[in-house]
Participant: 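Have a look at this one.
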Amino acid sequence: GPIEWKVEPKGNVAGRVVIGPKKVNGGYARIVAQKDGSGCIESFDLVSRTWSLAPQSVTFSEVWSAPPVSITLWASIGDKS
């Protein structure tokens, strides 16, 4: 299954973006909080402009250390969620 990662329990809301969006492997990824307090990595599909579960090849450390995406750039990409 997907790699699990524990996030801070305080203020933990399922679906809350913990980290990201970040530029990873020429695309975009983020870490989202789950109901049980773990985190999951989602990747952004530039065609459908939606977020979905990232492939196993994307790791938490990659997302953590990746450069952040500027708000102006993100606005031009057009996240619909």
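Only a predicted model underlies this, so the values are computations on that prediction, with no experimental measurement involved.
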Participant: Which pair of heavy atoms, one from Arg30 and one from Pro21, lies closest together, and at what distance?
Facilitator: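 Nearest pair, atom of Arg30 first, then Pro21: CB-CA, 4.3 Å.
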
Participant: When rounded to the nearest 0.5 angstrom, what is the spacing between OG in Ser43 and CG in Asn25?
Facilitator: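 If we round to the nearest 0.5 Å, Ser43:OG and Asn25:CG are 10.0 Å apart.
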
Participant: Go through the structure and list residues passing side-chain hydrogen bond (donor to acceptor under 3.5 Å, both in side chains) with Ser65, not counting sequence neighbours.
Facilitator: none

Participant: So Ile41 and Leu53, side-chain contact (heavy atoms from CB on, under 4.5 Å) or not? Walk me through it.
Facilitator: CA-CA 6 Å; Ile41 303 171; Leu53 205 56; over 6 Å; no

Participant: So Trp51 and Phe44, would you call those rings parallel, tilted or perpendicular, with 30° and 60° as cut-offs?
Facilitator: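 Tilted.
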
Participant: For Pro68, enumerate each residue passing the side-chain contact (heavy atoms from CB on, under 4.5 Å) test, keeping only those at least two apart in sequence or located in another chain.
Facilitator: Lys22

Participant: Side chains of Ile31 and Cys40: does their closest heavy-atom pair fall under 4.5 Å?
Facilitator: no

Participant: Check side-chain contact (heavy atoms from CB on, under 4.5 Å) between Ser70 and all other residues, then give those that pass, not counting sequence neighbours.
Facilitator: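 Scan of Ser70 (side-chain contact (heavy atoms from CB on, under 4.5 Å), adjacent residues dropped) gives Thr72, Leu73.
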
Participant: Between Trp64 and Thr59, is the side-chain contact (heavy atoms from CB on, under 4.5 Å) condition met? List the steps.
Facilitator: CA-CA 9 Å; Trp64 272 109; Thr59 66; over 6 Å; no

Participant: Tell me the closest heavy-atom pair linking Ala66 and Lys23, and the distance in Å.
Facilitator: CB-O, 3.2 Å

Participant: When you compare the side chain of Tyr28 with that of Leu46, does any pair of heavy atoms fall below 4.5 Å?
Facilitator: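 Yes; the side chains approach each other to less than 4.5 Å.
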
Participant: Any donor and acceptor pair, going by atom type alone, linking the side chain of Asp36 with main-chain N or O of Ser38 inside 3.5 Å?
Facilitator: yes

Participant: Could you please spell out the steps behind the side-chain contact (heavy atoms from CB on, under 4.5 Å) verdict for Val32 and Val18?
Facilitator: CA-CA 5 Å; Val32 179; Val18 182; over 6 Å; no

